[in-house]
Amino acid sequence: MTPAEPTLHKRIRSEISERILSGQWPSGYRIPTEHDLMVEYGCSRMTVSKALAPLVDEGLIVRRRRAGTFVARPPIHSAVLDIPDIQTEIMGRGEPYGYVLLSRTIRVSSQDDDEALDRAVSGPVLVLECLHLASGRPFAHEARLISLSAVPDAEEVDFGMTPPGAWLLGSVPWTEAEHSISAVNPSRATAKKLSIETSVACLCLQRRTWRGRDPVTHVHLTFPGEAYDLVARFTPRGDKD
C-alpha cells in the first residue's frame, strides 16, 4: 500500500524550503506573493498561509508589511567580547558587502559626545554616519564618534571608501572595550535608512574603546533583529578545565 500523498500545504512548505536551502532562492530574495502561489498550486489563500507560517517560525522567511515576503538572512553570530568587522562577517557568509558614508563632520565635542566617549576634557571629534549593506540591502546603521585627540590620523582618512570600523581595527590598537546591548525600536530617521518600519525590533549595540587611558571611539550600531545576534561562551571564574 503506497503512502498517502502529503497534504498540499505541506508540499508547498517543503518545496519552498527546498528552494531556500538549496540556494535557488538566496538570502533577501523576494518570494512569490500569496496570490502567485495560489495560482501556481491551484489552492486557497488559507492553504498558502498555512504553508508559510511554519517557515516564518523556522526563521527561513520574513514578512514585511507592504513590502512582501523575503528569504531571511542567516543571523551573524558574533562573540559579545569580540569587536566584529561587519564587512568581514558579511563576506564570510557569502554575501556581497556594500557601504555608504552618509555624513562626515569635524567639531569640538559636546557634553553628550564627551559622555559617550567617557572623557573629562572636550576636544575635536570626527562624527560619521554610515550604512552597511548585505546583498545590496541595508544591514546596519552606524553612528560613530572618533576622538581626534587620540587618533589624529583619522582626519585624513577617506571614510567614503573605507568603513571606519575596519580602519580602526587595522590601524589603532585598543586596550579596553565596553559593549552595551539592547533591544529597541528604531527612530523614524534610522528606520527610513534601514528600509524598515519603526515597529520592527532591532538590536542596538553601543561600544566604546580605549587605548590606555585615552578614549578612542564610540559607535552606535542598529541592526534589524532578524539580521544579527550576539553570543558568548564562557566558564565560571576559577574553572581550571
Side-chain angles (χ1 to χ4, degrees), residues 1-78 84 86-100 102 131-142 183-204 221-231:
M1 183 175 180
T2 58
E5 182 180 348
T7 54
L8 184 54
H9 74 85
K10 288 183 179 178
R11 180 162 71 89
I12 297 171
R13 171 187 173 186
S14 176
E15 290 181 2
I16 291 176
S17 176
E18 184 178 346
R19 291 172 189 173
I20 293 170
L21 296 176
S22 69
Q24 181 182 347
W25 288 356
S27 225
Y29 178 85
R30 188 178 187 275
I31 76 169
T33 65
E34 287 191 358
H35 177 74
D36 290 339
L37 291 170
M38 289 164 57
V39 171
E40 180 180 349
Y41 288 96
C43 64
S44 68
R45 184 179 296 274
M46 182 179 296
T47 299
V48 170
S49 181
K50 195 173 180 180
L52 296 181
L55 297 176
V56 174
D57 294 340
E58 293 166 13
L60 288 179
I61 62 173
V62 291
R63 286 172 155 174
R64 296 197 179 93
R65 192 159 54 110
R66 295 196 298 271
T69 303
F70 299 84
V71 177
R73 294 167 171 163
I76 283 178
H77 298 274
S78 177
I86 294 174
Q87 177 179 0
T88 299
E89 295 192 352
I90 290 175
M91 294 178 68
R93 66 181 189 183
E95 287 198 73
Y97 170 78
Y99 162 78
V100 179
L102 300 175
L131 191 64
H132 300 271
L133 309 171
S135 297
R137 294 177 54 232
F139 177 82
H141 176 264
E142 174 177 339
V184 300
N185 292 121
S187 67
R188 188 175 299 275
T190 300
K192 184 176 181 181
K193 289 160 186 169
L194 290 171
S195 299
I196 58 176
E197 301 288 335
T198 55
S199 59
V200 171
C202 292
L203 183 145
C204 172
L221 292 160
T222 304
F223 303 87
E226 72 193 55
Y228 204 97
D229 62 8
L230 292 149
V231 296

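Predicted model, so just to flag it, every value in this text is computed and none were measured. Here, residue 1 is the first one in the sequence, and each next residue gets the next number.
- For the side chain to side chain contact (heavy atoms under 4.5 Å, CB included) with L52, the lone residue among R13, R63, H9 that qualifies is R63.
- Residue T190 holds its OG1 atom at 12.0 Å from NZ of K192, rounded to the nearest 0.5 Å.
- Taking the side chain as every heavy atom from C-beta outward, Y41 and L8 approach each other to under 4.5 Å.
- To the nearest 0.5 Å, atoms CZ (F70) and CD1 (I31) are separated by 9.5 Å.
- N185 places no side-chain N or O within 3.5 Å of a backbone atom of C202 that could act as its donor or acceptor partner.
- Between the R30 side chain and the A67 main chain, a donor and an acceptor come within less than 3.5 Å of each other.
- Between P96 and I90, the closest heavy-atom pair is O-CG2, 4.0 Å.
- Atom CZ of R11 is separated from atom OG1 of T47 by 11.5 Å, given to the nearest 0.5 angstrom.
- Annotation: the span from R188 atom CZ to E197 atom CD amounts to 9.5 Å, rounded to 0.5 Å.
- Counting non-hydrogen atoms of neighbouring residues, nucleotides and ligands closer than 6.0 angstrom, the CD atom of E40 exceeds 12 such neighbours.
- In this structure the side chain of Q87 never reaches within 4.5 angstrom of the side chain of H132, judged on heavy atoms.
- Here the closest heavy-atom approach between residue P186 and residue T198 is recorded as CD-O, 3.5 Å.
- With a 4.5 Å cut-off on side-chain heavy atoms, I16 and W25 count as touching.
- When each of L194, I86, L131 is checked for a side chain to side chain contact (heavy atoms under 4.5 Å, CB included) with F139, only I86 meets the rule.
- V71 and P26 get closest at one heavy-atom pair: CB-O, 3.3 Å.
- Within a 6.0 Å sphere centred on NZ of K50, other residues, nucleotides and ligands contribute 12 heavy atoms or fewer.
- Interatomic distance, CG of L37 versus OG of S49, reported as 11.0 Å (0.5 Å rounding).
- A cation-pi arrangement, defined by a distance under 6.0 Å to the six-membered ring centre and an angle within 45 degrees of its axis, is absent between R19 and Y29.
- In this structure, the side chains of S17 and L55 come closer than 4.5 Å at one or more pairs of heavy atoms.
- Remark: H141 NE2 to S187 OG distance equals 7.5 Å, nearest 0.5 Å.
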